[in-house]
Amino acid sequence: MARGFSKAVTSQQKKTDLLPSLNILNASFLEDFAKLKDPRIERSKEHLLKDIIAIAILAIISGADGWVAIEAYGNAKHEWLKSFLELPNGIPSHDTFSRVFARIEPQQFQECFLSWVNAIVGELELNVIAIDGKTMKQSYDRNDQQKALHIVTAWSSSHQLVLGPKKVAKKSNELTAIPELIEIAGSVITIDAMGCQKDITSLIFKKKGDYILALKGNQKLLYQAVKEWFELAQKSDDLGREYNYHEQVEAGHHRVEKRQVWTVDVSELPPLHNQALWSGLKTVVMIVSERRLWNKTTTEARFYLSSLSSNAEKIAGAIRSHWGIENSLHWTLDVTFCEDESRIRKQNSPENFALLRRLAINLLKQEKTSKQSLKMKRYRAAMDNNYLVKILNSAS
């Protein structure tokens, strides 16, 4: 039973349907967030911090997208909530939710999140971890000269799990956040061209991981050398005969996409620019994607560096899974959770609310009994307390 969230129930209450209320206390993540330090002074604590956190989490899972919606959820579910929360002064107002989350220290809040996630990760085999950034477009504030919040996230596509978010001041500073997200040995780390840096490969190598990094113009000389080598090999028809090859064809949404993947051991290439400085580098990769629509066909070539051995099928699968962070996380945040439309921007609120959204996504995606979309899961959770409890307990 989660510490600090219990409340005595009367015999009359026991006669009612309290199964959801009692089960909800078994959600282990509530224990982790109960450790959060209260930023308020004593005389302003009309509502318990644990109640405020719990209501916010439950409301966001159930579809709330702001402080007013969280208050409305609390009022609508008051009778159910008070069966396991203390609520000494009823449901907090939207202003109270706003003030408290604006003052909660984001680093502490993130540590609570990571404590809960790490308990889950310990039971999983994380094969590929994708790292990518996303800007919350409406979180800027001109009056306070506050720029839009940019968050870099580590994501497990195979388990549909946010492993850790990290705020950066602006997109050009993603490199400062990436090292803090590389913590899991034995996994393959995939990063876009922003993370294609010698220091990043060194860090991954030291932590006993592997990497696949997108290679683009920010590494101009290396990119040009790899690109020219593949072009010459294609012209001489050497690629198909001599090197590891894998092909994927997918059809759907009125398009057909063919991906051809070649992986080549660096020993087969002429010495590359600063090759020795890229820790663990074993393989260069080219993917040629041909997309056929009803009215046109487009072709694109992409290049990668990897510490993995030259296995085209394995590397192709890892690269493909990297896009799960765009399709399954970033798209979901914008379309299902309306993150890009959110005007929450006071003090620490944008960062803390962003973490609440990612917590909700983790919980919703770990609930496997329903095959419904996340949108329908949230809708159902708002109406059915039993299902909401199932979501909470799915990752306990």
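Treat the numbers as computed from the prediction; the structure is a model and nothing was measured.
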Verify whether one side chain among T299 and R291 offers a donor that lies under 3.5 Å from an acceptor in the other. no
Verify, without hydrogens or angle tests, whether D384 (side chain) and Y387 (backbone) share a donor-acceptor contact under 3.5 angstrom. yes
Quick one: sort the F113 and W116 rings into parallel, tilted or perpendicular, breaks at 30° and 60°. perpendicular
Does a donor on one side chain sit under 3.5 Å from an acceptor on the other, for E247 and Y245? yes
Does T153 reach the side chain of D132, with side-chain heavy atoms less than 4.5 Å apart? no
Verify side chain to side chain contact (heavy atoms under 4.5 Å, CB included) between L81 and L87, making sure each step is shown before the conclusion. CA-CA 8 Å; L81 291 171; L87 302 178; 4.1 Å; yes
Do V288 and W262 have side-chain heavy atoms sitting under 4.5 Å apart? yes
Do you know which two heavy atoms are closest between L114 and L163, and how far apart they sit? CD2-O, 3.3 Å
Would you find more than 12 non-hydrogen atoms of other residues, nucleotides or ligands less than 6.0 Å from Q108 atom CD? yes
Nearest atoms (heavy-atom pairs only) where R378 meets T336: NH1-O, 2.9 Å
Run the salt-bridge test on D340 and K134 with the 4.0 Å N-O cut-off and return the result as yes or no. yes
Would you say the rings of W229 and Y243 are close, in the sense that their centroids are separated by under 6.0 Å? yes
Could you tell me if Q372 and Y379 have a donor-acceptor pair between their side chains, going purely by distance under 3.5 Å? no
Decide whether E46 and S44 meet the rule of one side-chain donor and one side-chain acceptor closer than 3.5 Å. no
If you look at every heavy atom in S62 and A382, which pair is closest and at what distance? O-CB, 3.4 Å
Residue pair A130 / T190: nearest heavy atoms and the distance that separates them: CA-OG1, 3.3 Å
Between the CD atom in E351 and the CD atom in E105, the distance rounded to the nearest 0.5 Å is 8.0 Å
Other hydrophobic cluster members with W331, side-chain heavy atoms of Ile/Leu/Val/Met/Phe/Trp/Tyr under 4.5 Å, chained? V335
Any chance the side chains of S93 and D95 put a donor and an acceptor closer than 3.5 Å? no
If you look at every heavy atom in I131 and I325, which pair is closest and at what distance? C-CD1, 4.3 Å
Can a salt bridge be assigned to the pair E367 and K365 using a cut-off of 4.0 Å between side-chain N and carboxylate O? no
Quick one: closest heavy-atom pair of A102 and K346, and the distance? CB-O, 3.8 Å
Could you check whether W323 and S321, counting side-chain N and O atoms only, form a donor-acceptor pair closer than 3.5 Å? no
Run D265 and S267 through side chain to side chain donor-acceptor pair (under 3.5 Å) and show every step you take. CA-CA 5 Å; D265 193 290; S267 64; 2.7 Å; yes
Does NZ or CZ of R357 come closer than 6.0 Å to the centre of the six-membered ring of F337, within 45° of the ring's axis? no
Looking just at side-chain N and O atoms, do T263 and S310 make a donor-acceptor pair shorter than 3.5 Å? yes
If you count every heavy atom of other residues, nucleotides or ligands that lies below 6.0 Å from K220 atom NZ, does the total exceed 12? no
Just checking K45: does its NZ atom have more than 12 heavy atoms from other residues, nucleotides or ligands closer to it than 6.0 angstrom? yes
Evaluate the criterion salt bridge (charged side-chain N to carboxylate O under 4.0 Å, His left out) for residue pair K235 and E231; output intermediate values, then yes/no. CA-CA 6 Å; K235 289 178 182 178; E231 288 175 348; 5.8 Å; no
Side-chain contact test, heavy atoms from C-beta onward, threshold under 4.5 Å: evaluate it for N244 versus V264 and give yes or no. no
Under the criterion ring pair (Phe, Tyr, Trp, His ring centres under 6.0 Å), which of F101, W67, F97, F109 is the partner of F353? W67
Would a distance-only check, ignoring hydrogens and angles, find a side-chain to backbone donor-acceptor pair under 3.5 Å from N348 to P106? no
Which residue, E300, R259, R302, forms the side chain to side chain donor-acceptor pair (under 3.5 Å) with S289? R302
How far apart are the C-alpha atoms of R292 and E290, what are their side-chain angles, what is the distance that settles it, and do they pass the salt bridge (charged side-chain N to carboxylate O under 4.0 Å, His left out) test? CA-CA 7 Å; R292 299 178 184 177; E290 181 185 87; 2.8 Å; yes
Roughly how far, to the nearest 0.5 Å, is SG of C196 from CD1 of I191? 9.0 Å
Treat each ILVMFWY residue as a node, draw an edge where side-chain heavy atoms are under 4.5 Å apart, and state whether W155 and L374 are in one component. yes
